[in-house]
Amino acid sequence: MTSQPAPPAWTRQRAREADEADPLASFRDMFVVDPAGPIYLDGNSLGRPVRAAMGAMTELFGDWAGLVVTGWERWATLPQEVGDRVGALVGAAPGQVLISDSTTVNLYKLAAAALAYQPGRHVLVGDRHDFPTVRYVLQGLAAEQPAAEVRSAGGGPVESERAAGGRRLRLVDTDPVEGPSPAQVGEALDDDVALVCLSVVNFRSGAVADMAEINAAAHAAGALTLWDLSHAAGALPVDLDGSGADLAVGCGYKYLNGGPGAPAWLYVRAGLQGRLRQPIWGWWGQRDQFEMGIDYDPVPGMARFLTGTPAITAMVALDAGIGPLLAAGMPALWEKTRQLMDLLVSRAEEVLVPLGACLSSPGDPQRRGGHLALSHPLAWPAARLLIDGGLVVPDFRPPDVLRLAPVAIYTRYLEVFDAVERIASVLASPDVHRPVARRAIT
Ligand SMILES: *Cc1c(COP(=O)(O)O)cnc(C)c1O
């Protein structure tokens with residue numbers, strides 16, 4: 001390859017020109033954006049409202065009023081239909097994704113199903129620096145079946161963990177910035193591992209895990225993989241089918257714009273669907289559901305991963321939320337995200353690093369997702385000043401991280417440029433040194 005000339009430095013003028021040339025610029029109008037409001041860089045926590053959600057909710061209200069209970073003939077298959085549309089964003093062929101429950105509940109369902117699939121295996125492998133709920137669900141599953149107290153004859157220590165027979169969680173000591181490497185995960189694998197459960201994009205640093213390599217390593221050791229795509233779905237192209245993933249989950253309210261508390265989704269590779277049994281035996285997973293049979297007999301396919309009555313009102317809003325992403329297409333969104341991230345990183349290095357900030361995301365653009373982590377000892381008071389001053393909405397993650405997500409579908413280049421200036425002015429102000437109490441929700 002011939003070497004490309006270095007692109008010009010990002011100036012306010014170049015950002016303005018990038019907006020003018022942006023093929024995705026018109027998608028912003030599909031969202032509710034207050035032009036006088038702060039610059040919103042927190043769409044990785046809660047996506048902006050999609051205008052179409054309002055119409056979709058009104059239409060649903062009309063159906064509910066007009067059809068009442070007979071509306072279920074229309075609604076009953078929405079978990080599969082909306083699931084297939086989410087699947088199109090994450091590289092899953094139809095019939096493998098369902099909308100259901102919350103991400104946490106889906107993690108539990110699929111991890112428990114993976115443990116039950118190979119009862120002779122007792123170990124769950126996770127990432128010490130993963131999002132808390134992933135760790136907690138794995139810890140809870142291990143605690144359900146603790147090791148028996150097997151002592152050697154002399155009352156000495158346990159002979160071997162394995163002899164004790166209980167489940168164990170093996171947390172890989174990953175690099176908090178670079179995320180789990182295939183080599184590190186490989187070291188945690190042996191023939192007692194039932195499941196490797198990791199996030200594709202780390203919630204704090206934005207590090208991207210190598211799904212294909214980790215899937216291959218896990219499979220070589222006889223384990224299944226479960227991926228949490230909460231910070232990946234809608235942010236960057238993911239190929240669940242192509243990478244050889246077994247199981248996946250993700251939430252609906254971050255990059256998928258489904259609204260606060262939107263239902264989550266889950267993925268089960270086609271070949272595994274009939275072989276796994278999830279732990280919550282509900283009537284929506286039952287064969288011939290309306291026969292109301294006495295004993296649980298799950299449907300042979302994907303619907304066995306449903307539990308109870310699906311949240312149709314919320315699912316309709318979620319379906320509206322992913323509409324703009326499907327229309328824009330992940331390749332175009334990712335191209336713009338990379339440009340926005342380039343602008344953000346280069347301006348942050350120029351303007352914020354001299355003010356004491358340091359980048360806590362991978363330096364390689366290929367290895368980070370759709371958000372940037374910026375560490376600064378005054379990150380918490382800075383976040384409060386930015387939000388309370390109506391300047392920028394970032395979010396704060398302990399101990400000292402500002403997370404900034406320039407979500408491609410509705411964020412302008414100029415906004416990212418100006419956000420960095422505003423963050424700089426706050427970090428340089430005397431106010432940022434005044435102590436501010438930590439709040440319950442950050
Ligand atoms: C946001 C997020 C969740 C959220 O789980 P809920 O059950 O919706 O609260 C789970 N996992 C990861 C990795 C996340 O980033």
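Heads up: numbering here begins at 1 and tracks the sequence. Whatever order the structure lists ligands and atoms in, that order sets their numbers, starting from 1.
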> Is any side-chain N of the basic residue among Asp192 and Arg121 closer than 4.0 Å to the acidic one's carboxylate O?
Replying inline: no
Side chains of residues 382-389: which donor-acceptor pairs under 3.5 Å do they make with residues two or more places apart or in other chains?
residue, atom, partner, partner atom, Å
Arg384, NH2, Asp388, OD1, 2.9

> Does Arg48 make a cation-pi contact with Phe31, if we ask for NZ or CZ under 6.0 Å from the ring centre and within 45° of the axis?
Replying inline: no
>> Looking at Phe131, I'd like to know if the NZ or CZ of Lys254 sits under 6.0 Å from its six-membered ring centre while staying within 45 degrees of the ring's axis.
In response: yes
>> Which protein residues come within less than 4.0 angstrom of ligand 1, counting heavy atoms only?
In response: Ser102, Thr103, Thr104, Phe131, Thr133, Ser199, Asp228, Ser230, His231, Tyr253, Lys254
> Does OH in Tyr296 sit with more than 12 non-hydrogen atoms of other residues, nucleotides or ligands closer than 6.0 Å?
Replying inline: yes
> Are Phe290 and Trp283 close enough, and set up right, to give a ring-ring contact (aromatic ring centres under 6.0 Å, His included), and what steps lead you there?
Replying inline: CA-CA 9 Å; Phe290 282 92; Trp283 73 309; 5.4 Å; yes
